[in-house]
Amino acid sequence: MSTYDTLLSMARQGEIVELRTMPSAEAAVLKALLAHPEVKPHILLRQGEGSPQAHLDKLVARMLHACDPCALHAGIYAKGRQELIGTVSLQNWSRREGKAVLGYMLNPLWWGQGMATEAVGLLLDYAIQELGLIKAEGRCRSDNPRSERVMIKNGLTLERILPMPGSPGTAMKVFTLLHK
């Protein structure tokens, strides 16, 4: 099953959110979310040749067009509404090994309402039941207790804490979910 086929079959509804594919028309909303001053510090963008804008454009294209065979991105929508409010994803996804890195972000206007928690739960349930996910790893900065709670509420446990080079006083917390 291709990543695109997986996306088409994974639409899920919870009590307060829906996970759906993101149409190309959401590019500007997605870019604004990734660049939001309260979200941006928690997003790790790969660096390399090219401008930061070029890296952002490339990431948005990969998220919207399902062109990365090692990632699955879904939009988070408030139930019954049409505007994109966040994303949830499996990154560095190895179908063969059943492992992936969990990623998620939510527009700060929607923080504190349980939406990220429910969206992560819907994606993990789908990934375990339908895709054979065995291990999920989630990461957050030590100064991000909201993200930490999202993972803990979804059954992930703290595995290790890593220093973050260039960020004195901040560490990266690594959480893991094992399903057998």
Side-chain angles (χ1 to χ4, degrees), residues 1-23 26 29-30 33-34 39 42-45 59-141 144 146-159 172-180:
M1 178 182 290
S2 73
T3 302
Y4 184 73
D5 292 336
T6 301
L7 270 172
L8 290 177
S9 70
M10 71 126 343
R12 295 287 182 260
Q13 288 194 17
E15 297 290 319
I16 56 175
V17 299
E18 299 175 10
L19 302 185
R20 303 193 297 253
T21 56
M22 297 175 282
E26 298 285 18
V29 175
L30 190 52
L33 179 58
L34 287 161
V39 175
H42 303 284
I43 305 297
L44 297 175
L45 289 176
L59 174 61
V60 168
R62 285 191 350 241
M63 293 174 79
L64 291 177
H65 303 295
C67 56
D68 185 345
C70 297
L72 175 65
H73 301 280
I76 302 172
Y77 297 82
K79 194 164 184 179
R81 298 184 67 169
Q82 294 303 311
E83 76 265 13
L84 177 72
I85 63 169
T87 66
V88 62
S89 61
L90 298 177
Q91 304 162 16
N92 300 319
W93 177 22
S94 169
R95 289 175 172 97
R96 185 175 41 81
E97 296 178 17
K99 297 179 183 178
V101 175
L102 176 65
Y104 51 93
M105 63 181 168
L106 192 64
N107 183 316
L109 294 173
W110 299 91
W111 287 0
Q113 298 178 44
M115 294 180 156
T117 300
E118 185 174 77
V120 166
L122 289 169
L123 180 65
L124 288 174
D125 182 59
Y126 172 77
I128 290 167
Q129 301 302 320
E130 303 294 329
L131 305 177
L133 186 72
I134 297 168
K135 180 180 181 182
E137 182 177 281
R139 298 173 178 209
C140 69
R141 293 168 39 131
N144 189 352
R146 288 179 187 268
S147 189
E148 186 174 337
R149 282 192 303 273
V150 166
M151 288 186 275
I152 290 170
K153 287 180 179 181
N154 279 290
L156 285 82
T157 57
L158 181 62
E159 182 179 296
M172 181 69 65
K173 291 185 172 184
V174 181
F175 293 80
T176 303
L177 174 71
L178 293 173
H179 182 269
K180 296 183 183 191

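Fair warning: this is a prediction, and the values are worked out from it, not measured in the lab.
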Minimum heavy-atom separation for Leu90 to Ala127, with atom names? CD1-CB, 3.8 Å
Which atom pair, heavy atoms only, marks the closest approach of Arg12 to Tyr126? NH2-CD1, 2.7 Å
Check whether any side-chain N or O of Asn92 sits under 3.5 Å from a backbone N or O of Ala100 as a donor-acceptor pair, and report yes or no. no
To the closest 0.5 Å, what do you measure between [atom1] ([X]) and [atom2] ([Y])?
X: Thr157; Y: Ile152; atom1: OG1; atom2: CD1; result: 9.0 Å
X: Leu124; Y: Leu133; atom1: CG; atom2: CG; result: 7.0 Å
X: Leu102; Y: Met151; atom1: CG; atom2: CE; result: 7.0 Å
X: Glu118; Y: Ile16; atom1: CD; atom2: CD1; result: 4.5 Å
X: Phe175; Y: Arg139; atom1: CZ; atom2: CZ; result: 12.0 Å

Test log, rule side-chain contact (heavy atoms from CB on, under 4.5 Å), inputs Val88 and Leu122: CA-CA 10 Å; Val88 62; Leu122 289 169; over 6 Å; no
Side chains of [X] and [Y]: does their closest heavy-atom pair fall under 4.5 Å?
X: Val174; Y: Glu137; result: yes
X: Glu26; Y: Val29; result: yes
X: Tyr104; Y: Val150; result: yes
X: Val17; Y: Met115; result: yes

By the definition side chain to side chain contact (heavy atoms under 4.5 Å, CB included), identify the one residue from Leu123, Ile85, Val120, Leu84 that meets it with Ile76. Ile85
Listed partners of [X] passing side-chain contact (heavy atoms from CB on, under 4.5 Å), at least two apart:
X: Asn107; value: Leu33, Leu109, Trp110
X: Leu178; value: Lys135, Thr176
X: Pro108; value: His36, Glu38, Val39, Trp111
X: Thr87; value: Met22, Leu30, Met63, Met105

Does anything in residues 97-110 pair up under salt bridge (charged side-chain N to carboxylate O under 4.0 Å, His left out), and if so which pairs, sequence neighbours excluded? Glu97-Lys99
Summary of salt bridge (charged side-chain N to carboxylate O under 4.0 Å, His left out) pairs that have at least one residue in residues 70-93, sequence neighbours excluded: Arg81-Glu83
According to side chain to side chain donor-acceptor pair (under 3.5 Å), who are the partners of Thr117, at least two apart in sequence or on a separate chain? none
Can you list the steps and then say if Leu131 with Trp93 is a side-chain contact (heavy atoms from CB on, under 4.5 Å)? CA-CA 11 Å; Leu131 305 177; Trp93 177 22; 3.6 Å; yes
Is a salt bridge present between Arg146 and Glu148, judged by a nitrogen-to-oxygen distance below 4.0 Å? no
Those residues that, when tested against Glu18, pass salt bridge (Lys or Arg N to Asp or Glu O under 4.0 Å) (two or more places apart): Arg20
